[in-house]
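First up is the structure itself, then whatever we jot down about it.
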Amino acid sequence: MPAPAVSAACATLDNYLLYPDHALAGRIAEARERLGRAAVILGHHYQRDEVVRFADFRGDSLQLSRQAAASQADHIVFCGVHFMAESADLLRRPHQKVLLPDLQAGCSMADMASLDQVEQAWEELERLQLADEVLPVAYVNSTAAIKAFCGRHGGLTCTSANARQVLSWAWARKPKILFLPDQHLGRNTAHDLGVALDEMLVWNPRQAYGGNSWERLRQTRIWLWQGHCSVHARFQPRHVEQVRADYPGVKVLVHPECPFEVVQRADLSGSTEFIIRQITQAPAGSIWAVGTEVHLVHRLARENPHCTVLHLDAAGCPWCSTMFRITPAHLCWTLEQLLAGQAVNVITVPEANRAAARLALDRMLQLAV
Ligand code: 13P
Ligand code: SF4
């Protein structure tokens, strides 16, 4: 039975959370229609089906930041996580507002690099007279404060879709890169570009000089911040070996946030959009084991019956608990509050970081990749 409409007076989020997911579908559709062009709903590929089905645009992080920049709507409802909504806020037009249906939808990877830690690392590099040789690059899965740090020091952001181009751009300008905050994307991409593993170092923010000697720091071409995605870091080489033993001829396709040893054993790796493209264009009857967030993998399996899509770690089923925080109840509440004239959960990057963070994003977007 569909949930009855809630009057604006008792429309706290708690009222919505009482209903099961499916009960709010009709109300979300109605609110979406009544809002018309005043609102646009963006949905990342890792969002659950009951939410992403209402997205006007689905995409990977790069596509969604472009979409946010191109949108004319007054309100951008971002079904994703906090750093994505921050990027949308940096790229929006002056009259627009960005809303994140649940403010708790963060990203554990983004939280692994705080501004204090990164500034301390930079001070240490200055003390060693190395900072002038370094360009900082932040994966977009980082806070606006970290993006601003990169912007201030001549650096830029990247996504999993354009990391190769961004690192090449950075090395054309400086001999060394400080890559934040995902060590795996940094290592996989640098290796792809021909950098040897012994020219890369992990920077441990809890140790002086990242836990490295001066000699090693000097020889390094890329310092990999010791951060990771809690979803993708769980994939292991044994998962690849097992699926190859169980399904001879299987193609293994993984996200570059997976550990190096997993990416090396896979047939292909790339962003969520790349993964989707491989599966939709796959030959009929082919078998694929996909190493990424489970909601996307299950959707790919359902929407592509021409091939077989398996999860690389079927027993573990890694899912992103923060992406999962955006429920139909949160989306319905956000849209109905907009209809009642109230913008809830507005994400605003503080003025002190806006210009520099935007600069880091613009440098990436201007690379046109
Ligand atoms: P992409 O969609 O850019 O591949 O990012 C994956 C991810 O982990 C988003 O949080
Ligand atoms: Fe962060 Fe990983 Fe979740 Fe993406 S999948 S939002 S990187 S924790």
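Whatever order the structure lists ligands and atoms in, that order sets their numbers, starting from 1.
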Counting only protein N/O/S atoms, those under 2.8 Å from atom 2 (Fe) of ligand 2 total 1
Requested in this report: Indicate whether any N or O donor in one side chain lies under 3.5 Å from an N or O acceptor in the other, for Arg187 and Gln183.
Outcome: yes
* Flag yes if Tyr46 and Leu312 sit in one hydrophobic cluster, no otherwise; membership is Ile, Leu, Val, Met, Phe, Trp, Tyr, and two members link when side-chain heavy atoms are under 4.5 Å apart. => no
Task: Lys176 side-chain N/O to Arg218 backbone N/O, donor-acceptor pair under 3.5 Å - done: yes
Distance dump, ligand 1 polar atoms to protein, N/O, under 3.5 Å:
| unit_1 | atom_1 | unit_2 | atom_2 | d |
| --- | --- | --- | --- | --- |
| ligand 1 | 2 (O) | His44 | NE2 | 2.7 |
| ligand 1 | 2 (O) | Ser61 | N | 3.3 |
| ligand 1 | 2 (O) | Thr272 | OG1 | 2.7 |
| ligand 1 | 3 (O) | Ser61 | N | 3.3 |
| ligand 1 | 3 (O) | Ser61 | OG | 3.1 |
| ligand 1 | 3 (O) | Ser160 | OG | 3.2 |
| ligand 1 | 4 (O) | Ser160 | OG | 2.8 |
| ligand 1 | 4 (O) | His255 | NE2 | 2.7 |
| ligand 1 | 4 (O) | Thr272 | N | 3.0 |
| ligand 1 | 4 (O) | Thr272 | OG1 | 3.4 |
| ligand 1 | 8 (O) | Glu257 | OE1 | 3.4 |
| ligand 1 | 8 (O) | Glu257 | OE2 | 2.9 |
| ligand 1 | 10 (O) | Asn141 | ND2 | 3.4 |

Are any side-chain N or O atoms of Glu199 and backbone N or O atoms of Ala196, one a donor and one an acceptor, separated by less than 3.5 Å?
-> yes
For Tyr46, the atoms of ligand 2 under 4.0 Å from one of its heavy atoms are 5 (S)
ask   = Within 45° of the ring axis of Trp214 and under 6.0 Å from its six-membered ring centre, is that where the NZ or CZ of Arg216 lies?
value = no
**Asked** Any chance the rings of His191 and Phe260 have centres within less than 6.0 Å?
**Response** yes
Going by atom types alone, do Ser286 and Trp288 pair a side-chain donor with an acceptor below 3.5 Å? yes
ask   = Can you check salt bridge (Lys or Arg N to Asp or Glu O under 4.0 Å) on Asp74 and Lys97, steps first, answer last?
value = CA-CA 6 Å; Asp74 293 343; Lys97 287 193 171 125; over 6 Å; no
Would the distance check show the side chain of Trp225 and the main-chain N or O of Met112 forming a donor-acceptor pair, the cut-off being under 3.5 Å? yes
Original post:
Under 30°, 30 to 60°, or over 60°: which ring-plane class applies to His232 and His255, parallel, tilted or perpendicular?
Top reply: tilted
